Amino acid sequence: MIKAIVFDVFGTLAEIGDRRRPYARLLRLAAQAGRISRPDDAARIMSINGDIWAIATWLGLALSPALCDELADELAIEISSIRLYPEVVPVLRALQRQGLQLGLCSNLAKPYAPPVLSLLPFEFDAYAWSFEVGVVKPDHRIYSTVWQSLALSPGEVLMVGDTYEADCLGPRRVGMHAIHLTRNLASPDPRFLRSLCDLPAYLALHTPPSVPQ
């Protein structure tokens with residue numbers, strides 16, 4: 001029996017309207033300064049519990065005051081453009097009325113979490129932020145953090161997200177259920193959501209896909 005729904009954030013509940021990518025710019029600046037990039041740089045950035053200046057320090061960058069101001073402006077513009085998708089609030093309220101626990105499980109840099117929380121209509125029951133857990137999806141530890149925080153077994157939790165590997169395959173590997181949200185694309189799964197509006201009906205009519213062995 002599903003007792004809790006855990007959501008991914010960006011691409012699932014929220015979107016950034018004006019992307020400036022200040023963290024990508026930091027990586028480019030570090031490369032220009034001679035730092036050799038690594039395949040896991042983006043994952044490391046999202047698993048560091050610090051602001052953008054902590055990331056700059058981790059990259060070994062000494063930024064000029066003018067460049068600091070530019071990056072701060074870019075980050076502020078991105079954050080101010082974060083919006084929930086139109087259907088999110090009514091769907092969340094409907095799920096809450098059904099007595100379901102709700103959680104977030106997201107890969108993102110620390111400065112993006114507070115604006116997301118400020119947009120949600122109420123406090124969720126559990127949060128697993130990559131920058132707090134220290135790992136990113138699909139690492140099993142981030143999923144374990146959220147279902148343990150809910151005081152449930154993984155088989156009582158449904159993950160909903162738009163990234164198939166991180167939000168579907170990863171959760172299923174630890175025993176959670178998962179459903180793929182794909183607004184405009186096809187899904188590898190035969191059952192998926194085109195909109196979060198379809199989630200309450202999905203819960204009423206379907207048992208989530210079984211966990212592969």
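Note that the structure is a prediction, hence the values are computed from the model and not measured.
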Atom pair [atom1] ([X]) and [atom2] ([Y]), whose distance is rounded to the nearest 0.5 Å:
X    : Y    : atom1 : atom2 : value
Y164 : L181 : OH    : CG    : 14.0 Å
H180 : M159 : NE2   : CE    : 11.0 Å
L75  : R21  : CG    : CZ    : 13.5 Å
L203 : I5   : CG    : CD1   : 4.5 Å
Y23  : L108 : OH    : CG    : 9.0 Å
L63  : I52  : CG    : CD1   : 8.5 Å

Count I, L, V, M, F, W, Y as connected when their side-chain heavy atoms are under 4.5 Å apart, and connections chain through other members. Are [X] and [Y] then in the same cluster?
X    : Y    : value
V136 : L169 : no
I77  : L26  : no
I2   : F192 : no

Under 3.5 Å, is there a donor-acceptor pair between the side chain of [X] and the main chain of [Y]?
X    : Y    : answer
K3   : L152 : no
S47  : V135 : no
S130 : M46  : yes
E78  : R19  : no
D167 : D162 : yes
T163 : E165 : no
S144 : R141 : no
R83  : S80  : yes
H177 : G155 : yes

Could you walk me through whether T12 and Y85 pass the side-chain contact (heavy atoms from CB on, under 4.5 Å) test, one step at a time? CA-CA 8 Å; T12 302; Y85 290 103; 5.9 Å; no
Between L193 and V160, is a side-chain contact (heavy atoms from CB on, under 4.5 Å) present by the stated rule, with each step listed? CA-CA 9 Å; L193 304 177; V160 180; 4.2 Å; yes
Does NZ or CZ of R35 come closer than 6.0 Å to the centre of the six-membered ring of W58, within 45° of the ring's axis? yes
Shortest non-hydrogen contact between [X] and [Y], atoms and distance:
X    : Y    : result
P171 : A166 : CD-O, 3.4 Å
P111 : D51  : CG-CA, 4.3 Å
P138 : Y143 : CA-OH, 3.1 Å
L92  : L102 : O-CD1, 4.0 Å
C105 : V6   : CB-CG1, 3.5 Å
I16  : S81  : CG2-OG, 3.4 Å

Side-chain contact test, heavy atoms from C-beta onward, threshold under 4.5 Å: evaluate it for [X] versus [Y] and give yes or no.
X   : Y    : value
L27 : L59  : yes
L61 : W53  : no
F7  : L199 : yes
L13 : L196 : yes

Is D139 paired with K137 through a side-chain N to carboxylate O contact shorter than 4.0 Å? no
Between D40 and R38 (salt bridge meaning N to carboxylate O under 4.0 Å), is one present in this structure? yes
Does one side chain, of E156 or S153, offer a donor that lies under 3.5 Å from an acceptor on the other?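 There is such a pair between these side chains.
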Stepwise side-chain contact (heavy atoms from CB on, under 4.5 Å) check, V146 with L104: CA-CA 8 Å; V146 73; L104 295 181; over 6 Å; no
Could you go through K110 and I45, starting from their C-alpha distance and side-chain angles, then the distance that decides it, and tell me whether this counts as side-chain contact (heavy atoms from CB on, under 4.5 Å)? CA-CA 9 Å; K110 185 176 182 178; I45 286 173; over 6 Å; no
Just to verify, which of R194, R93, R183 counts as forming a salt bridge (charged side-chain N to carboxylate O under 4.0 Å, His left out) with E87? R183
May I ask you to decide if the ring planes of F10 and Y112 are parallel, tilted or perpendicular, using 30° and 60° as cut-offs? perpendicular
